[in-house]
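Encoded as structure tokens, the structure appears first; notes follow it.
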Amino acid sequence: QEHYGGLNGLTLTWIGDGNNVLHSIMTSAAKLGIHLRIATPKGFEPDLRITQITEQHSKEYGTKLLLTTDPLEAADSANVLVTDTWISMGQEEEKKERLKAFEGYQITMQTAKSAAPNWTFLHCLPRKPEEVDDEVFYSPQSLVFQEAENRKWTF
């Protein structure tokens with residue numbers, strides 16, 4: 001909102017794991033007028049109950065929802081590209097399997113070519129290079145440090 005001046009009508013793309021951060025976005029996006037495009041590998045989709053709630057909210061608030069396994073399809077025309085850790089606390093033993101499953105999901109400038117001209121990037125940190133490359137992470141489109149600074153005021 002700070003960057004775009006409002007949220008209504010924006011398209012947010014999540015590329016990565018169907019985790020708790022994605023679930024939070026899913027339960028609020030439609031209420032804010034945000035279209036949501038989600039790319040996860042097979043087997044790493046968001047919780048079905050959360051997906052059903054999100055589908056209901058999308059219908060109720062007139063937003064669009066896309067679930068896919070194709071990161072470039074999800075990134076198409078996105079204003080905001082978002083990812084998070086692929087290996088959460090307690091999943092360290094699954095690292096090798098997860099990294100293999102997430103091959104092709106790294107957010108790069110190639111991913112961003114599919115996005116809207118005014119695209120930005122978010123990540124709640126800490127970030128790993130396999131999730132997003134340095135070119136995107138340190139680009140002028142990256143808002144990760146503003147995002148981190150804004151979080152400190154929520155306590």
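What you are looking at is a predicted structure, and each value in this text was computed from that prediction instead of being measured. Numbering starts at 1 and runs along the sequence shown.
Side-chain atoms of S142 come within 3.5 Å of backbone atoms of F137 as a donor-acceptor pair (strictly under, hydrogens ignored). Under a 3.5 Å cut-off, the side chain of T83 and the backbone N or O of I15 do form a donor-acceptor pair. With hydrogens and angles ignored, the 3.5 Å screen pairs a side-chain donor or acceptor of T13 with a backbone N or O of A74. Side-chain atoms of Q91 come within 3.5 Å of backbone N or O of S88 as a donor-acceptor pair. Checked by atom type and distance alone, the side chain of Y105 pairs as donor or acceptor with a backbone atom of T69 at under 3.5 Å.
Here the straight-line distance linking atom CD1 of I87 with atom NZ of K96 works out to 13.0 Å at 0.5 Å rounding. With values rounded to the nearest 0.5 angstrom, D134 atom CG is found 12.0 Å from T108 atom OG1. In this structure, CD in Q141 is found 9.5 Å from CD in E135, a value given to the nearest 0.5 Å.
Crowding of E60 atom CD: a count of heavy atoms from other residues, nucleotides or ligands under 6.0 Å exceeding 12. The 12-atom threshold is exceeded at CD of E92, counting heavy atoms of other residues, nucleotides or ligands nearer than 6.0 Å.
No chain of hydrophobic side-chain contacts below 4.5 Å, direct or via other Ile, Leu, Val, Met, Phe, Trp or Tyr residues, connects Y61 to I53. The hydrophobic clustering, which links ILVMFWY residues whose side-chain heavy atoms are closer than 4.5 Å, places F44 and L66 apart. Hydrophobic cluster membership differs between L72 and M109, with clusters built from Ile, Leu, Val, Met, Phe, Trp and Tyr side chains linked at under 4.5 angstrom. Cluster annotation: V144 and V136 are assigned to the same hydrophobic cluster (Ile/Leu/Val/Met/Phe/Trp/Tyr, side-chain heavy-atom contacts under 4.5 Å, transitive).
With a 4.5 Å cut-off on side-chain heavy atoms, R98 and D17 count as touching. Contact of the K64 side chain with the S58 side chain is not registered, since no non-hydrogen atoms from C-beta on lie closer than 4.5 Å. Side chains of W86 and E131 form a contact here, defined as non-hydrogen atoms less than 4.5 Å apart. Proximity of N118 to N79: side-chain heavy atoms (C-beta onward) are separated by under 4.5 Å at one or more points.
F121 and H123 have tilted rings, their planes meeting at an angle from 30° to 60° on a 0 to 90° scale.
In this model, a donor atom of one side chain and an acceptor atom of the other lie less than 3.5 Å apart for N150 and E2. A side-chain donor from one of E73 and T68 sits under 3.5 Å from a side-chain acceptor of the other.
Sorted by first then second residue, the side chain to side chain donor-acceptor pair (under 3.5 Å) pairs that include residues 26-46, not counting sequence neighbours, number zero.
Between R127 and D84 there is no salt bridge, since none of the side-chain N atoms of the basic residue sits less than 4.0 Å from a carboxylate O of the acidic one.
Other residues sharing a hydrophobic cluster with L22 under the 4.5 Å side-chain heavy-atom criterion for ILVMFWY residues are Y4, L7, L10, L12, W14, V21, I25, M26, L32, I34, L36, I38, I50, L65, L67, V80, V82, L122, L143.
The heavy-atom pair separating G104 from P71 by the smallest distance is O-CG, 3.5 Å. Of all non-hydrogen atoms in A115 and A78, the two that sit nearest each other are CB-O, 3.3 Å. Counting all heavy atoms, side chain and backbone alike, N8 lies closest to G33 at OD1-CA, 3.3 Å.
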>> Is there a side chain to side chain contact (heavy atoms under 4.5 Å, CB included) between W119 and S139? Walk through the geometry before answering.
In response: CA-CA 11 Å; W119 70 274; S139 73; 4.1 Å; yes
> E147 and C124: side chain to side chain contact (heavy atoms under 4.5 Å, CB included), yes or no, with the steps?
Replying inline: CA-CA 7 Å; E147 178 184 10; C124 63; 4.1 Å; yes
